[in-house]
Amino acid sequence: MENFEIARTLRELAVLLEIQGANPFRVRAYRNAVQTINGLTRSLASMLEAGEDLTALPDVGKNVASHIQELVETGKLQRIEEITSEFPRDLVTLVRLDGVGPKKARRLWDELGVATVDQLEAAVADGRVAGLDGFGQRSASKILDSIRELRSQTGRILRSQAEEILEPLLAHLREADGVERVEVAGSFRRRKETIGDLDILAQAETGAEEIIGHFVRYPGVERVTGAGDTKGSVVLRSGIAVDLRVLPRRSFGAALQYFTGSKEHNVSTRIIGVRRGLRLNEWGVFRIPEDADPEGLGKEEGERIGGETEEEMYAALDLPWIDPALRENRGEIEAAREGTLPELVTVGDIRGELHMHSTWSDGKLSIAEMVEACRARGCEYACITDHTPAVGVAGGLTPEDVHAQWEEVAALEPTLGDFQIFRGLEVDILRDGALDMTDEVLAELDFVIVSVHGFMDQDKVTMTDRVIRAIQNPNVDLLAHPTGRLLGRREPYAIDMDAVLLAAAEAGVAVEINCNPRRLDLSDVHALRARELGIPIALNTDAHSVRDLDFLRFGVDQARRAWLSADQILNARSATEFRRWLDRRSGVAA
DNA sequence: GCCGTTTTCGGCCCGACTGTTTTCAGTCG
């Protein structure tokens, strides 16, 4: 059983326990464990197989460890079977509805016998829900809205799509009277690859209510789901939910820190605060008076230590500012305390483009045009890496085509000054792990990329063996888009990435973070693992047109989430250093 | 259920908004 399946099952157990009315801290303990599992860079099954003690993991104790073992061994959890003899397992889907939590789900079952979304819809329609104590007409119609929403759910959007949605919305907000500053917080600021909803903060000393009013009148708003003194919530026609909070200058840094999250990062920072007698909230950081009743404190009571900037919030905990990309509670707080936070890679660090296509295969532009676009973006070198014939739609290069292409490159080179072109190829990994090009040609190339484009439905063992066989070919330099995923469209193919990364480290092969916002493949967690293993990472746009070269920033964001600095990025090297790396197998240099 | 610069028991982050309550529970992030 894969980590994500184990995490999903434990998350479901947490909801079931909540519906059962269990101790909320017990429920939270399971959620904390899920968080740990989601951040793991290795599979739990392989850790168990290696005889490792899972209780060494944070928030995993004896109980959760034995649950994990049971799941790996049997694929099921006895504990869930027991609970679902009390009430139907379907209730967990009711909890996913807006406005229905564990308490209400339980009452819907106990008092109306409602277990499924369909049954709930019927119960709303015939008035039974509105008749329940504590429900009423308004909550009934709200539930109906949520059901419609759930059924038409568009899910998470790409970060590139979020950028498009934000641009006009932020412009609208900046027009509101009294708004001094607007920032996007949440997962967008943490540079996540997909965005579930948008959190926006506006700075204003007065007139918050009017600003909220201006916000909910934005032309793109489909409906308003909440509008209070300091907070407004809407759903846009694009289906994405947006929250706006309005805060004064003295609290803006506190709010930015608070609403950037992640939730888990915030819980950790606040616990550190509590131990020091400090209270952190979106209004600032406050010293709790010795004799105060913590329950009776107002939101801004106590001595204000800071809140205008994020730096003040972290400084109150004796920590340096932490880059939002790292705020996932994956050890960044410890690293901040020890002064070992990485200096994260930036777009400006990238000096070469290693993966791009031309009209020789499925690219839109000639080699000369692509190279010129790279130079215009400040690159010092580029690799031309067109497809091979097995990628049918792409019009791949035969060995003869490859040699003809080199003539074109050779004719171009004298016109380029110091700019260097490396002769490359994106070679298809065939069904059995053989490569779609002769070894003779591969040996002549400067730079060999391999990647999977077909037969993606192979089982995990076959696919893993196939890819490992490919990267063990001594001519191979880089594995591209290693899991084949397309965000929101196609799941990663079945592959044991830990085994693949170990093989890449062994073979001295680099691995790509494909910068296309729909790929971003490797994921942050796999890139973290590659970093642990010391594998060079390439940030590649896989450009098929000039516009695609701008994808670089998405890959840089992904690399930053994986704690990567410039010295771990293959194409942050100079052309000379890159060439030296390409010669690594020649025995000349270590 | 987990955890330990207050510790192996007794804590565990914090506030806004909504709806239905007439003083607050539930939900959400």
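Each chain gets a letter, A, B and so on, in the order the sequences are listed, and its residues count up from 1.
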Positions of residues 195-227 of chain A (non-hydrogen atom under 4.0 Å from DNA chain B), listed by number:
A/G226, A/A227
Using a heavy-atom cut-off of under 4.0 Å over every strand shown, decide if A/S268 touches base, sugar-phosphate, or nothing.
nothing
Between A/G228 and A/L280, just flag the one whose closest nucleotide in DNA chain B comes earlier from the 5' side.
A/L280
So, using salt bridge (Lys or Arg N to Asp or Glu O under 4.0 Å) as the criterion, who are the partners of A/D145 when residues are at least two apart?
A/R148
Interatomic distance where CZ belongs to A/F259 and C1' belongs to B/dA16 [whole Å]
8 Å
Just call it for A/V60: base, sugar-phosphate, or nothing, with non-hydrogen atoms closer than 4.0 Å on any strand.
sugar-phosphate
Whole angstroms only, please: what is the CG-C1' distance between A/L13 and B/dC2?
15 Å
Considering every strand and a 4.0 Å limit on heavy-atom distances, what is the contact class for A/R245: base, sugar-phosphate, or nothing?
sugar-phosphate
Quick one: salt bridge (Lys or Arg N to Asp or Glu O under 4.0 Å) partners of A/R107, sequence neighbours excluded?
A/E111
A/Q35 CD - B/dC2 C1' separation (whole Å):
15 Å
Could you list the donor-acceptor pairs under 3.5 angstrom formed by side chains in residues 14-26 of chain A, with sequence neighbours left out?
unit_1: A/E18; atom_1: OE1; unit_2: A/R31; atom_2: NH2; d: 2.9
unit_1: A/Q20; atom_1: NE2; unit_2: A/E86; atom_2: OE2; d: 2.8
unit_1: A/N23; atom_1: OD1; unit_2: A/F25; atom_2: N; d: 2.8

Whole-Å distance between B/dG15 C1' and A/Y258 OH?
6 Å
Once base and sugar-phosphate atoms are separated, protein heavy atoms under 4.0 Å mark nucleotides 22-28 of chain B, 5' to 3', with B, S and - as ----SSS
Who passes side-chain hydrogen bond (donor to acceptor under 3.5 Å, both in side chains) against A/D90, sequence neighbours left out?
none
Any donor-acceptor pair under 3.5 Å between the side chain of A/N32 and the base of B/dG1?
no
Under the rule for salt bridge (Lys or Arg N to Asp or Glu O under 4.0 Å), what residues qualify as partners of A/D524, not counting sequence neighbours?
A/R330, A/R561
Nearest-nucleotide wise, let me know which of A/G136 and A/V267 is further upstream toward the 5' end of DNA chain B.
A/V267
Those residues at least two apart in sequence (or on a different chain) that pass salt bridge (Lys or Arg N to Asp or Glu O under 4.0 Å) with A/R337 are none
Just checking A/Q137: base, sugar-phosphate only, or nothing, at a heavy-atom cut-off of under 4.0 Å?
sugar-phosphate
Rounded to the Å, how far apart are A/I143 CD1 and B/dT18 P?
17 Å
List for me each residue that meets side-chain hydrogen bond (donor to acceptor under 3.5 Å, both in side chains) alongside A/S141, sequence neighbours excluded, and say none if there are none.
none
Please give, in whole Å, the distance from B/dG1 P to A/Y30 OH?
5 Å
Nearest-Å distance for atom pair CZ/P, residues A/F286 and B/dC14:
12 Å
Using a 4.0 Å heavy-atom cut-off across all strands, classify A/D133 as base, sugar-phosphate, or nothing.
nothing
Identify all side-chain donor-acceptor contacts of residues 209-217 of chain A below 3.5 Å with residues at least two apart in sequence or on another chain.
unit_1: A/H214; atom_1: NE2; unit_2: A/H172; atom_2: O; d: 2.8
unit_1: A/H214; atom_1: NE2; unit_2: A/H172; atom_2: NE2; d: 3.3
unit_1: A/R217; atom_1: NH1; unit_2: A/G213; atom_2: O; d: 3.2

Look through every strand shown and name the nucleotide pairing with B/dT8 as Watson-Crick or G-U wobble, where both distances are under 3.5 Å.
none
Please list, in numerical order, the residues of residues 314-336 of chain A that have a heavy atom closer than 4.0 Å to any atom of DNA chain B.
none
Let me check something: any side-chain donor-acceptor pairs from residues 244-254 of chain A under 3.5 Å, sequence neighbours excluded? List them with distances.
unit_1: A/R245; atom_1: NH2; unit_2: A/E282; atom_2: OE2; d: 3.0
unit_1: A/R249; atom_1: NH1; unit_2: A/E308; atom_2: OE2; d: 3.1
unit_1: A/R250; atom_1: NE; unit_2: A/E300; atom_2: OE1; d: 3.2
unit_1: A/R250; atom_1: NH2; unit_2: A/E300; atom_2: OE2; d: 3.2
unit_1: A/S251; atom_1: OG; unit_2: A/W283; atom_2: O; d: 2.8

If the threshold is 4.0 Å, N to carboxylate O, is there a salt bridge linking A/R190 and A/E328?
yes
Rounded distance (Å) that lies between atom P of B/dC14 and atom CG of A/N281:
8 Å
